[in-house]
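Below: the structure, in structure tokens.
Below, all heavy atoms of this structure are taken into account, side chains as well, without hydrogens, waters or symmetry copies.
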Amino acid sequence: MADYLQILGVLVALLLALYYYLGSSFDYWKNRGVVGPKPIPIFGNVKDVLLRKINLGDYVAQIYNEYKDEIMIGIFARVTPTVILRDMDLIKDVLIKDFSSFDDRGSNVFERSDPLTANLFNLEPERWRPLRMRLSPVFTSGKLKDMFPLILECAEHLEQCLDKVAEKSEPIIECREIAARYSTDVIGNCAFGINMNTLENERSEFRRIGRKIFDQDFILALRFTLRESAPGIYGLLSYLLPQTEITTFLTKVISDTIKYREENNVVRPDFINMLMELKKHPDKLENIDLTDTLLTAQAFIFFAAGFETSSTTIGHALYELALNPSIQDKLREEMKEFSTKNNGNLTYNVVKDMKYLDKVFKETLRKYPPAMFLRRKCNGNYTFSGTKVTITKGTKLIIPVYGIQKDPNIYPNPDVFDPERFNEDAEAARHPMSFLPFGDGPRNCIGARFALYQTKIGLIKMLENFRIDVCEKTMTSYVNNPKSLTLAPMGGIHLKISKVEKLLL
């Protein structure tokens, strides 16, 4: 009996020690005078996020709205202290003024089991900085002008695809899906020199892999959750876990493309060519082991982020234009006006000069930012300006983009789709940190300009000759998908499409 009592005593002691460990950091924010919701052991404040009952972006927005009078809110991602910033000036300090203290996103990188995580978005500052500098030339306005005809070619294929849909007895499109096929073709054409052909063939391997990245099956979702919530355990398991199909597929595509170009002396002004140049001159990237998998990881993030963010934005823009036909008509008038003025020629400068299109684009990103929040990690002790709050090295920060951009104190009637929020006077009157769909500062989105033109050209080809309307399949209320990695609705965006000419007869 004594032995059993000893064993029971040891188990109780271990459980108490585990309980204490899991809650040992929970005085962190209280000791600093920072308010926030009460955490619970094991989960901290993110139980529903880990159980995939709510999207992290939605949860952060909820906290942002609950603590309206605070400049920052302290939460715990399991046991990790994390601060949600509400004050715009503090956000500007983190992203720009004091960037050197927050140059790390705090992402988890596991190159053994998940080599694609070692991409420009996730990388620690030591590798991010030189890679960013070497890859940035791909996204200059000059390079984008060179790519413009390739984007336009894909947009014309999109128009042909819509022509076929409009002729059907039930001309209904799922907007995010058809936009994803278009943007996948654009990325393939402009970045990799590959005809992915997803507009013609919706069962294309590239489109299937693209879906797999963001519409994760149970195994991928489990790996992702474990990687984010228990990186230490995942790190140990990484020696046993096989690489995913996404990794093996893209690694083969990139290596085969590079090999073909090297053997046939093919040179194109695209992303793959830049990776090949880095491979030829590894001395330009000091202290970086430039492996094939590291190169593939950079191609992966361009592919994944490039098609998903643009397709999501196109889908949301079409949804709002269908709900607001007067805005759609006004936008189409601008497109027709510029088409007539330029003899039907769509050029880089024509797209740049379409002011109302730009307002619609920005208002779409304001209401539906694909990235609902930004993350940073403090690389040393830091005291927030104008406060007595000092955080320690390793503390995580979240900037609540979705909450800010739907704050009625910043954007009155935030659920109303109003492109005039982005006229010059209105923009100048707002704090520059009140609109962050591409982030800001040195670690902003490297492909923002590319995404802008890819999205706008797609919208032009979809709206100049076609009308988008709601139908019986259109969602009556917008509900965020809690399992999506980006802002996306449950059930998709279904709209009716018809030729404009037929409506004018």
Side-chain angles (χ1 to χ4, degrees), residues 45-46 49 54-68 70-73 75 77 82-97 99 102-107 121-122 214 228 301 304-305 308-313 315-317 320 361-377 396-418 421-422 426-427 430-448 451-452 455 478 480-482 484-489:
N45 297 110
V46 294
V49 174
I54 187 173
N55 187 295
L56 179 58
D58 270 326
Y59 173 73
V60 169
Q62 284 182 12
I63 298 297
Y64 174 92
N65 291 325
E66 285 176 19
Y67 293 85
K68 295 180 184 295
E70 304 298 329
I71 62 172
M72 63 180 75
I73 309 110
I75 65 168
T82 303
V83 61
I84 299 173
L85 294 181
R86 291 188 93 263
D87 183 83
M88 299 290 175
D89 291 330
L90 296 184
I91 290 172
K92 187 175 182 180
D93 287 347
V94 167
L95 294 181
I96 302 173
K97 180 174 175 286
F99 172 75
F102 301 97
D103 54 1
D104 193 337
R105 290 189 192 275
S107 302
F121 184 86
N122 291 332
F214 290 95
E228 292 298 305
I301 196 64
E308 176 66 14
T309 55
S310 292
S311 62
T312 296
T313 303
H316 286 132
E320 287 293 345
F361 175 73
K362 288 178 178 176
E363 175 66 349
T364 302
L365 289 175
R366 193 275 308 171
K367 192 173 178 182
Y368 306 98
M372 300 170 74
F373 57 91
L374 305 175
R375 288 199 285 195
R376 294 291 187 270
K377 183 173 78 171
K396 302 287 185 70
L397 293 91
I398 290 180
I399 296 166
V401 175
Y402 191 51
I404 290 169
Q405 293 183 181
K406 296 200 77 174
D407 187 334
N409 293 318
I410 302 171
Y411 297 96
N413 300 314
D415 290 327
V416 173
F417 188 80
D418 180 12
R421 298 183 199 273
F422 290 92
E427 283 191 285
R430 289 191 295 266
H431 196 287
M433 298 295 105
S434 63
F435 184 65
L436 295 168
F438 295 112
D440 209 329
R443 203 144 189 179
N444 67 345
C445 176
I446 190 174
L452 182 150
T455 302
Y478 192 103
N480 292 351
N481 185 347
S484 176
L485 297 181
T486 58
L487 178 60

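- Under the side-chain contact (heavy atoms from CB on, under 4.5 Å) criterion, L56 pairs with V49, Y59, V60, F373, sequence neighbours left out.
- Partners of Y478 by ring-ring contact (aromatic ring centres under 6.0 Å, His included), not counting sequence neighbours, listed by chain and number: H316, Y368.
- Formation of a donor-acceptor pair under 3.5 Å by the D407 side chain with backbone atoms of N409 is found in this model.
- Two residues are said to be in side-chain contact when any heavy atoms from C-beta on lie closer than 4.5 Å; K92 and L95 fail this criterion.
- In terms of the side-chain contact (heavy atoms from CB on, under 4.5 Å) criterion, residue partners of D89 (sequence neighbours excluded) are, by chain and number, D87, H431.
- Under the rule for a side chain to side chain donor-acceptor pair (under 3.5 Å), R86 has no partner lying at least two apart in sequence or in another chain.
- Side-chain contact between I404 and M88: present, with at least one pair of heavy atoms (C-beta onward) separated by less than 4.5 Å.
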* Evaluate the side-chain contact (heavy atoms from CB on, under 4.5 Å) criterion for residues I398 and L85: first the C-alpha distance (whole Å), next the side-chain angles of each, then the deciding distance (0.1 Å), finally the verdict. => CA-CA 6 Å; I398 290 180; L85 294 181; over 6 Å; no
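- The minimum heavy-atom distance linking P400 with Y64 is given by the pair CG-CD1, 3.5 Å.
- With sequence neighbours excluded, the residues that form a side chain to side chain donor-acceptor pair (under 3.5 Å) with E427 are K362.
- For T313, the side-chain contact (heavy atoms from CB on, under 4.5 Å) partners at least two apart in sequence or on another chain are F361, T364, L365, P370, T455.
- Side-chain contact between V94 and L374 is absent, with no heavy atoms from C-beta onward closer than 4.5 Å.
- Side-chain contact between K377 and F102 is absent, with no heavy-atom pair separated by less than 4.5 Å.
- When atom types are taken as modelled, the side chain of N55 and the backbone of S484 share a donor-acceptor pair closer than 3.5 angstrom.
- With sequence neighbours excluded, the residues forming a side-chain contact (heavy atoms from CB on, under 4.5 Å) with A304 are I213, F214, F300, listed by chain and number.
- Applying the side chain to side chain donor-acceptor pair (under 3.5 Å) criterion to R376, with sequence neighbours excluded, gives no partner residue.
- Partners of D103 according to the salt bridge (Lys or Arg N to Asp or Glu O under 4.0 Å) rule, which considers only residues two or more places apart in sequence or in another chain, are R129.
- R105 contributes a side-chain N or O that, together with a main-chain N or O of F121, makes up a donor-acceptor pair within less than 3.5 Å.
- With sequence neighbours excluded, the residues that form a side chain to side chain donor-acceptor pair (under 3.5 Å) with K367 are E320.
- The ring-ring contact (aromatic ring centres under 6.0 Å, His included) search around F422 returns F435, not counting sequence neighbours.
- Residues satisfying the salt bridge (Lys or Arg N to Asp or Glu O under 4.0 Å) test with E308, not counting sequence neighbours, are R176.
- A cation-pi arrangement is found for R366 relative to Y411, the charged atom lying closer than 6.0 Å to the ring centre and inside a 45° cone about the ring normal.
- A pairwise comparison of heavy atoms in M433 and D440 identifies CE-OD2, 3.1 Å as the closest pair.
- The side-chain heavy atoms of V401 and M372, taken from C-beta on, include no pair separated by under 4.5 Å.
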